[in-house]
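These notes are about the structure you will find just below.
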Amino acid sequence: TFSFSLRGCYAGLFSGPISAAQFKSAGSNGNIIYYFADVNLKVVHHFSAKTKLALNFFANNDYYSFKQQQNEQAVDFQSQNFVHQSSYWANYAGSAILTHLFNVHWQMKQVVSFSRYNIKGTDEENYRQTFVQNSGFDTHSSFNGDNASYINDYSWQGDVSYTTQKQTFSVGTGLTAYQFENGRVNATIDGDNGTLLFKLNGTHVNSLNAFLYASDEYRPFKRLLFDVGVHANLYTVQQKTFMSALPRLNVVYNPVAKFYLRGSASGLSQNLHLLTTASANVLNDQWVPATAFAKPEQGWNFSGG
């Protein structure tokens, strides 16, 4: 079996002329444009009644553009200010999932996957002021810059589960290799005093994450369910290794029909940090890896209902 879908959103066909009219009513020229498109592909092949292979692929692209030009006319000078910001996002992901039923109780699953996330942005600003009486005082400045970041990950995960009428026991392990690049910048600053070229090669960080988990879902009685597990994590980055082993517990009790009591507690660890600035620029979020100086985050989640 297979499935394929393609989707596109051309909001810029509407936001472009509408924003242009709004800018014009405010005394300037400009527009705001946004597009995105994505594709999904899935193919499943059954080698037998017990063995199947599923192939998945996903890709999406987003584009955003903000453009504005303002002109000011005074008695002794006139000025022009032009701003153009654009952003481009892309995600690509693929996986191969092999499942096999040994018998009515035992099942195995193997997963190989990859993903890539990248974001690119450009920023252009030009300002010019011209004096009517004395052109020697004319001034101008401009900024042209672009920046880029990406994340690649390559993963393998294997799981085995055992199922009976009262119990489902699962154990699994996995390994993920990450590649990060953040902060690659090229910029040109031009003004009355000359031109400045600015370049940052960006920060490259590679990391390795391995995990092992075990979970047991047990129903001793018809109205009571226990889900107990532990997740061990090993994270290596910049010649430093971090380890954690955190438990998880979920209890569901059904004393009468259609009424449930639930309670859970789980330890969580995360090897990614989200950096957000206060800037209004759309490029304000950056994912960075935990490092020897910014350690992996840990926390606890308790819930009931």
Hey, is [atom1] on [X] packed in by over 12 heavy atoms from elsewhere, all under 6.0 Å?
X	atom1	result
F57	CZ	yes
F302	CZ	yes
Y10	OH	no

query = Under a single-linkage definition using a 4.5 Å side-chain heavy-atom cutoff for Ile, Leu, Val, Met, Phe, Trp and Tyr, are W89 and L272 assigned to the same hydrophobic cluster?
reply =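 Yes: a chain of side-chain contacts under 4.5 Å links W89 to L272.
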
task = Check the hydrophobic clustering (I, L, V, M, F, W, Y; side-chain heavy atoms under 4.5 Å; chains of links allowed) and say if Y88 and I33 are grouped together.
result =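 Different hydrophobic clusters.
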
Using only heavy-atom distances, determine whether the side chains of [X] and [Y] contain a donor-acceptor pair under 3.5 Å.
X	Y	result
D62	Y34	yes
T195	D190	yes
S113	S95	no
N182	T203	no

Aromatic plane relationship, Y213 with F211 - under 30° parallel, 30 to 60° tilted, over 60° perpendicular =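 Correct class here is parallel.
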
ask   = Which residue pairs pass the ring-ring contact (aromatic ring centres under 6.0 Å, His included) test with at least one member in residues 168-207, sequence neighbours excluded?
value =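 As it turns out, the ring-ring contact (aromatic ring centres under 6.0 Å, His included) pairs with a partner in residues 168-207, which skip direct neighbours, are Y178-F180.
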
inquiry  = Taking ring-ring contact (aromatic ring centres under 6.0 Å, His included) as the definition, give me every residue that meets it alongside W106, ordered by chain and number, with sequence neighbours left out.
reply    =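 ring-ring contact (aromatic ring centres under 6.0 Å, His included) check on W106 returns Y162.
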
ask   = Which residue pairs pass the side-chain hydrogen bond (donor to acceptor under 3.5 Å, both in side chains) test with at least one member in residues 216-229, sequence neighbours excluded?
value =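 Qualifying pairs: Q167-D216, R223-N254.
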
key: Contacts of Q107 that satisfy side-chain hydrogen bond (donor to acceptor under 3.5 Å, both in side chains) - sequence neighbours left out   =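 So Q107 forms no side-chain hydrogen bond (donor to acceptor under 3.5 Å, both in side chains) with any residue.
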
request  = Could you note down all residue pairs passing salt bridge (charged side-chain N to carboxylate O under 4.0 Å, His left out) where residues 248-260 supplies at least one of them, sequence neighbours left out?
outcome  =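 Output for this query is empty, none listed.
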
message = Y127: which residues meet the side-chain contact (heavy atoms from CB on, under 4.5 Å) condition with it, sequence neighbours left out?
response =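 For Y127 the side-chain contact (heavy atoms from CB on, under 4.5 Å) partners, ignoring immediate neighbours, are S79, N81, Q129, S141.
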
